[in-house]
Amino acid sequence: MLFCNIAWALNIVVSKIAVSALGLPPLFYTVLRSATVLVVLFPLLLRARPARLPLVLAIGFAVTGGSFGLQFIGLQTASPSAVGIVNLSGAPLTVLFAVIFLGEEVRWRRGLGMALALGGVGLAIGAPSEAGDPVGLGFAFAGVFTGAFASVFVKRLEIGAVALQAWAGLASLVVMLPATVLMENGQIAAVEAAPLAVAGCVLFAGVVVSVGAHSAYFRLFQAHDANLIVPLTLLTPLLTIGFGTWLTGDTIGWPLMIGGAMALVGVAIIVIRPSRTIFKPRLARTEL
């Protein structure tokens, strides 16, 4: 779990470096990441075709390429620390969508957790801060919103988590490749300017995080009780703030600290309380 948390936290910092310092267009970076995942997991596509393939592709794209693309756009102007706090909104949004679409029942404790988490994230986004402009954080929130919405329906798919990543990589590549060609420029120049750094970012995001950390997380979840594993993911935003301050020089102001603390407490309440309809890892990991 420590490896998973470190990988997830560093992923935000690495993505910030890729789309900001290295100048990779965010949709193009999404294409490179999706292509890497697809290459590694391609053998899974040659096995039996999953049931309801169009739904698998749509949900897979939403929780990967669609969500990542929006977050990478946000990281162009927002700090990793602030985006890490915004990502905490995934748990309350997932519960909210489960209430609407799956009939999830929410009692007062989890309702309080949702209010605290969303209120804290709202404070982090809206308060004046050197951590990034509200527009960038708004894109990051839109990415979390997209991933949380789609993740609610993952439970209805008859497919394993790793196989879903393979099909999601395919769907993301099919959608994002034309998008980057039509909407962005400077892709080749950015790669040529720092090919080794770009390769390092892409391999870390695609292999270490998407394939390694997520696969390890689901294996741990299968082997241990959910109430032990899921709360441990709350270490990720704390590590994100630490890595952001250390590696990219993030400035952590009081509004960000207060908003982050509120959101962290709220998410802790949500993930510890039992859920009847939500696959519990989705409360902590709304993206693959």
Side-chain angles (χ1 to χ4, degrees), residues 1 4-5 8-9 55 59 62-63 67 71 82-127 137-138 140-158 161 164 214 217-241 255-288:
M1 277 306 303
C4 293
N5 280 286
W8 293 328
L55 184 61
I59 293 177
V63 297
S67 178
Q71 186 172 89
V83 171
I85 291 174
V86 170
N87 284 347
L88 287 171
S89 62
L93 287 174
T94 302
V95 175
L96 178 61
F97 290 136
V99 170
I100 297 173
F101 297 105
L102 303 182
E104 175 85 359
E105 296 180 0
V106 176
R107 299 186 182 276
W108 70 269
R109 289 188 182 88
R110 297 180 75 208
L112 176 62
M114 292 171 63
L116 282 172
L118 292 176
V121 170
L123 177 61
I125 293 176
L137 295 178
F141 180 79
V144 178
F145 186 94
T146 302
F149 176 78
S151 69
V152 168
F153 301 99
V154 168
K155 191 175 182 180
R156 298 183 177 181
L157 302 179
E158 297 178 0
L164 178 58
H214 289 305
Y217 175 64
F218 278 97
R219 286 184 180 275
L220 286 170
F221 184 80
Q222 291 172 343
H224 301 280
D225 185 75
N227 288 331
L228 170 65
I229 297 300
V230 177
L232 293 177
T233 62
L234 296 178
L235 183 60
T236 298
L238 300 178
L239 289 172
T240 303
I241 293 173
L256 197 62
M257 292 178 64
I258 296 173
M262 288 174 55
L264 196 61
V265 171
V267 173
I269 295 173
I270 293 171
V271 300
I272 291 174
R273 300 301 300 172
S275 174
R276 181 173 60 86
T277 59
I278 306 173
F279 185 37
K280 201 157 187 178
R282 299 292 169 203
L283 291 174
R285 304 305 309 164
T286 57
E287 299 170 352
L288 289 176

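The figures here come from the full heavy-atom set of this structure, side chains too, leaving out hydrogens, waters and symmetry mates. One-based numbering along the sequence shown.
- Across Leu88 and Pro237, no two heavy atoms sit closer than the pair CD2-CG, 3.7 Å.
- Two residues are said to be in side-chain contact when any heavy atoms from C-beta on lie closer than 4.5 Å; Phe149 and Ile100 fail this criterion.
- Under the side chain to side chain contact (heavy atoms under 4.5 Å, CB included) criterion, Leu239 pairs with Asn5, Ile6, Ala9, Leu235, Phe243, sequence neighbours left out.
- Interatomic distance, Leu123 CG to Met257 CE, rounded to the nearest 0.5 Å: 12.0 Å.
- Formation of a donor-acceptor pair under 3.5 Å by the Ser67 side chain with backbone atoms of Gly143 is found in this model.
- Distance alone, capped at 3.5 Å, is enough to place a donor-acceptor pair between the Thr94 side chain and the Gly90 backbone.
- Across every non-hydrogen atom of Ser151 and Ala148, the tightest pair is OG-O, 2.9 Å.
- For the pair Ser89 and Val144, the tightest heavy-atom approach, listed with the atom from each and the gap, is OG-CG1, 3.4 Å.
- Taken to the nearest 0.5 Å, the CD1 atom of Ile125 stands 9.5 Å off from the CG atom of Leu118.
- Note that the CD atom of Gln71 and the OG1 atom of Thr146 stand 11.0 Å from one another [nearest 0.5 Å].
- Take Phe145 and apply the ring pair (Phe, Tyr, Trp, His ring centres under 6.0 Å) test, not counting sequence neighbours, and it matches Phe97.
- How far CD1 of Ile269 is from CZ of Arg110: 11.0 Å, rounded to the nearest 0.5 Å.
- Under the 4.5 Å side-chain criterion, counting only non-hydrogen atoms from C-beta, Leu238 is in contact with Leu264.
- Taking all atoms of both residues into account, the shortest heavy-atom contact from Ile85 to Ala124 is CG2-CB, 3.9 Å.
- Taking both residues in full, the closest heavy atoms of Ala150 and Val63 are given as CB-CG1, 3.4 Å, listed atom of the first, atom of the second, then distance.
- Listed by chain and residue number, Leu70 satisfy the side chain to side chain contact (heavy atoms under 4.5 Å, CB included) test with Ala142 (two or more places apart in sequence, or in another chain).
- Rounding to the nearest 0.5 angstrom, the gap separating the CG atom in Leu164 from the CD1 atom in Ile59 is 8.0 Å.
- Each of Leu116, Leu234, Val121 was checked for a side-chain contact (heavy atoms from CB on, under 4.5 Å) with Val267, and the lone residue meeting it is Leu234.
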